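Worksheet: the structure to be examined is printed underneath.
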Amino acid sequence: MLQSVVIVGAGQAGAEAAMALRQFKFAGEIRLIGREASVPYERPPLSKGFLTGDVAAERLCFRTADAYARANIELILGREVRALDPAERRVLLDNGYAVTFDACILATGSAARRLDLPGAELANIFVLRTIEDAQQLRRGLVPGCRLAVIGGGYLGLEAAASARKLGASVTVIEALPSLLSRSASPLTADALCRLHRRSGIEILLGEAVKGFSGELSVESVMLASGRAVAADLVLVAAGGVAETALAQDAGIDCANGILTDSDGRTNIDGIYAVGDCANAAQYTGGPHRRLESVQCAVQQARRAAAAVLGLPRPAPKVPYFWSEQFGLKLQIAGLVEPGVSTRDEVVGDLDGDFAVYRFSEDVLLAVEAFNRPRDFIQAQQRIGMRDAALPAA
Amino acid sequence: MVNVHFIQPDSTRQSVEGSEGMTLMETAREAGIPGILAECGGGAICSTCHVHIAPEWIEKVGTAPEMEQMLLELAPGKDESSRLSCQIVLTPELDGLTVTVPEEQSDY
């Protein structure tokens, strides 16, 4: 009989899994183990409102510690899990304690990719994943400072926009010839590039970083082209890497994340994985997919909690994502798999409010709506449809 | 303190003390109220914190603005009493507010 569930990782996926188990009426023991000292909190604002100082740290936490206590969820915070022992059904903590379980949900998240380049150890080179990372970066973001952001994905662009708002002089360095190349249409990527440039951010495309120079602190970013970008601060926003070490050491199959079925089950009975760390089979039978998004974390957590308890699983839903830059919202419904070619059509003004409709053989795969929430909302019911008509501009 | 009452589809009732300035969704989340998912964290981009406002409170709470109306179209069981709980900020006037949690949210 299922009496205890241990959740490793107290981010959004882990917290949601814990609460979902209780809401699904599981009466046994739930232990939520997290490396950070804070109760679980939202990460999306770290590059947006929290970085600019508009959102206070207390507002980031989903719930107070009291709420977990009332739900009889034991929080074990500021502790790292050193090993997972599937045979003995227990995890070992960094303080030497062992915690046993009947079922284990891994929600270990993803870590910021670090650059193994000369000078990477210099001071004032940051990543952005935790409250502490954001606080450190913010301390340096004084008016007139020079920030170099490495990586033109969502995190890098959001942080660049926030830093600009704080009065920093910002340069974004992207190795590929366009921004957001893995996650948005060329039309949207180019529109955001122009928006950033209009807002005074320098964007360098097709420039690879080869190292950093400086005495103790970083002073410039050296590019492969020979150019140097002067910087007082550097943010490395070069993507996330699934945290799989614990799972791998336990003999769980991993490949770009912990491999799971569409309910979050790994290849070892009773062990599940959800959120950023999971590379999950799709409900529809498509290829495995690892998504770093709030919606994915929450849905996988709820699905796995239902699977742990043997309850009916929630129906799948169209994936969606959002980003916020300069106070404007980019909302994306649907997903275009890498390598799929699309016909992209624009509604609206690419230098104002617009939506890009992405079709493959007349099937609507995704809609990217920039400051056009109506298109995003309506898209949620139309993704996957054939011959979906474009709205009137 | 602003007292709020949540009624589940099976008629069980939970009363929660919220505070002024918090949203109804945040209050529900803190109290661990089942059925209010708030998948997007209060950004008004999903519709998974849908609730039905009790008839006697509809006037005080007010009706949903246009964009929220559109999001509510995605919510199962949507009717004239529907609101997104993340868009309702608690004020002293809302002390005693009673809402019903829907049978299902849009992803469940």
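Only a predicted model underlies this, so the values are computations on that prediction, with no experimental measurement involved.
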(request) Pick whichever of A/Q295, A/Q331, A/M19, A/R303 has the most heavy-atom pairs under 4.5 Å with chain B. (result) A/Q295
(message) Could you check whether atom CD of B/E56 has more than 12 heavy atoms from other residues, nucleotides or ligands sitting under 6.0 Å from it?
(response) yes
(request) Find out whether A/R374 and B/E66 are in side-chain contact, i.e. whether some heavy atom of one side chain is under 4.5 Å from a heavy atom of the other. (result) yes
(request) Give, for atom NZ of A/K317 and atom CG of B/L74, the distance between the pair rounded to the nearest 0.5 Å. (result) 7.5 Å
(message) If you count heavy atoms of other groups shown closer than 6.0 angstrom to NZ of A/K165, is the number above 12?
(response) no
(message) Return the CG to CD distance between B/L71 and A/Q380, rounded to the nearest 0.5 Å.
(response) 7.5 Å
(request) Please confirm whether the backbone N or O of A/R63 pairs with a side-chain atom of B/R29, one donor and one acceptor, at under 3.5 Å? (result) no
(message) With rounding to the nearest 0.5 angstrom, report the CZ to CG distance, A/R302 to B/L37.
(response) 4.5 Å
(message) Less than 4.0 angstrom from a charged side-chain N to a carboxylate O is my criterion; do A/R70 and B/E30 meet it?
(response) yes
(message) Are the side chains of B/E39 and A/Y320 in contact, using a 4.5 Å heavy-atom criterion?
(response) yes
(message) To the closest 0.5 Å, what do you measure between CZ (A/F376) and SG (B/C46)?
(response) 8.5 Å
(request) Start with the C-alpha distance between A/I377 and B/E73, add both sets of side-chain angles, then the distance that settles side-chain contact (heavy atoms from CB on, under 4.5 Å), and finish with yes or no. (result) CA-CA 9 Å; A/I377 294 165; B/E73 294 300 330; over 6 Å; no
(request) Walk me through it: do B/E26 and A/R59 pass the test salt bridge (Lys or Arg N to Asp or Glu O under 4.0 Å)? (result) CA-CA 10 Å; B/E26 288 172 318; A/R59 282 300 267 212; 3.5 Å; yes
